[in-house]
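All values below were derived from every heavy atom in this structure, side-chain atoms included, with hydrogens, water molecules and symmetry-related copies excluded. The sequence lines fix the lettering, A, B, ..., with proteins before strands; numbering per chain opens at 1.
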Number of protein chains: 2
Amino acid sequence: MQISSRFTIALHIFSCIDVCKKDYKITSDFLAGSINTNPVIIRKILQQLKNAGLIIVKRGTGGAEIAKPLDEISFYDVYKAVESLEDDTLFHFHENPNILCPVGKNIHFLLDKKLQNIQKAMEDEMKKYTIADLSKESKTFLS
Amino acid sequence: MQISSRFTIALHIFSCIDVCKKDYKITSDFLAGSINTNPVIIRKILQQLKNAGLIIVKRGTGGAEIAKPLDEISFYDVYKAVESLEDDTLFHFHENPNILCPVGKNIHFLLDKKLQNIQKAMEDEMKKYTIADLSKESKTFLS
DNA sequence: TCAGTTGTAACCATAATGGTTACAATAAAA
DNA sequence: TTTTATTGTAACCATTATGGTTACAACTGA
């Protein structure tokens, strides 16, 4: 199963706010226009980013802004905010291996550390990239 | 979204065959007993592993065996066999960013390489572990 | 022929995703 | 104060994936 598009949408949102904030008020409608989806989808993701302390959303008057310095928001932070995993584990382990079988009894012992390492490798790579990188590259590309 | 339990079930299957093949005929019923699920689930996964050239399944007479030396079957091979991803991409990119928006036009350019690196970090870690590792560790644990 | 097994179709329930409509709550501007 | 724009959220919906189950034809060796 793929990681949901909420992640790339969230990164798109940050990029949009960063690039467009001088010229436009960043509403869910505005973002939905750039991302090409429904404003309610955007609002739900904005809520997740707000709950993670990454975004400030103003009710009534409207408009979203980024809550922290761009280099303090990593892809990992965004991923964690929008993609909630059962027990924080990337791998869904089959529920009840038969403990009467020597393999079933020990399969968790055999696999858990390795699965953790695999998940950690992915998350560590995610921590290498920040919204500041997107901002910088976006600017060099647009100039 | 988590990676499906087919992956840990498949690893469990390899371990089971390796440990139990001297004492038992490895049928889908036998495996289902150790994994604690339905034999049809096992047969479907065995088909995926067979299609990937990792397992030999005998029809009629029954029984599964491992098709290659254990150190030539990595976690990555198993993952690829049972977890099919759209376009082989771990991340589901939102479909149609608005190319009239400068951000929407460039978001793929900004993200694709980074997303690839993240996916690659996970897959490279998966390549570090083989069924042979499970076999070795299983034996030291059982002795 | 018989018994045991695989391969596969046809279902089912549940959950997640992405989308949509609707509307109350809010806050600023007129 | 009223109006306007916007958010927050509930309530749906269609589609898909997962994990499970029953059923049965096809196969193979005894």
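- In this structure, B:Phe91 atom CZ and C:dT17 atom P are separated by 15 Å, rounded to whole Å.
- With hydrophobic clusters built from ILVMFWY side chains whose heavy atoms lie under 4.5 angstrom apart, B:Met126 shares a cluster with A:Leu85.
- Residue B:Ser4 places its side chain closer to D:dG19 than to any other of D:dT22, D:dT7, D:dG19.
- If you check every strand for non-hydrogen atoms under 4.0 Å, A:Gly62 touches sugar and phosphate atoms only.
- When each of D:dT21, D:dT6, C:dT5 is scored by its nearest atom to the side-chain atoms of A:Lys25, the top-ranked nucleotide is D:dT6.
- Rounded to whole angstrom, the span from the NE2 atom of A:His92 across to the P atom of C:dT14 amounts to 16 Å.
- Taking 4.0 Å as the cut-off between side-chain N and carboxylate O, A:Lys113 and B:Glu137 do not count as a salt-bridged pair.
- The shortest distance between the side-chain N/O atoms of B:Arg6 and the OP1/OP2 oxygens of D:dT18 is below 4.0 Å.
- In this entry the distance linking CG of B:Asn38 with C1' of C:dT8 reads 13 Å, nearest Å.
- In this structure, B:Leu46 places its CG atom 12 Å from P of C:dT8, rounding to the nearest Å.
- Nearest nucleotide to the side chain of A:Met1, out of C:dT20, D:dA26, D:dA17: D:dA17.
- Remark: A:Gln47 is not in phosphate contact with D:dT7, judged by side-chain N or O atoms under 4.0 Å from OP1 or OP2.
- Between B:Glu123 and B:Lys120 there is no salt bridge, since no side-chain nitrogen of the basic residue lies less than 4.0 Å from a carboxylate oxygen of the acidic one.
- Here the nucleotide nearest the side chain of B:Lys50, chosen from D:dT21, D:dG8, C:dG7, is C:dG7.
- Between A:Asp18 and A:Leu134 the shortest side-chain heavy-atom distance does not fall below 4.5 Å.
- Mapping A:Thr27 and B:Ile9 onto DNA chain D by nearest heavy atom places A:Thr27 at the nucleotide closer to the 5' end.
- Residue B:Gln48 contributes atom CD, which lies 13 Å from atom P of D:dA17 at whole-angstrom precision.
- Phosphate contact (OP1/OP2 of D:dG19, side-chain N/O of A:His94, threshold under 4.0 Å): absent.
- Of the N and O atoms on the side chains of B:Ser135 and B:Lys139, at least one donor lies less than 3.5 Å from an acceptor on the other residue.
- Distance B:Ile3 CD1 to D:dT18 P: 11 Å, rounded to the nearest Å.
- The nearest whole Å value for the distance from the CD atom in A:Gln2 to the C1' atom in D:dT18 is 15 Å.
- Set against D:dG8, C:dA10, D:dA11, the side chain of B:Lys44 has C:dA10 as its closest nucleotide.
- Among the heavy atoms of the strands lying under 4.0 Å from A:Val40 is at least one base atom, whether or not backbone atoms are also near.
- Taking atom CD1 of residue A:Ile42 and atom P of nucleotide D:dA5, one finds them 21 Å apart after rounding to whole Å.
- Between C:dG7, D:dG8, D:dG19, one nucleotide has an atom nearer to the side chain of B:Ser5 than all others, and that is D:dG19.
- Regarding contacts with the backbone of D:dG20, a side-chain N or O of B:Thr37 is found under 4.0 angstrom from either OP1 or OP2.
- When only modelled atom types and interatomic distance are considered, A:Thr89 and A:Gln119 share no side-chain donor-acceptor pair under 3.5 Å.
- Of the side-chain N and O atoms in B:Thr61, none sit less than 4.0 angstrom from OP1 or OP2 of C:dT6.
- Considering only the side chain of A:Arg43, D:dG8 comes nearest among C:dT17, D:dA25, D:dG8.
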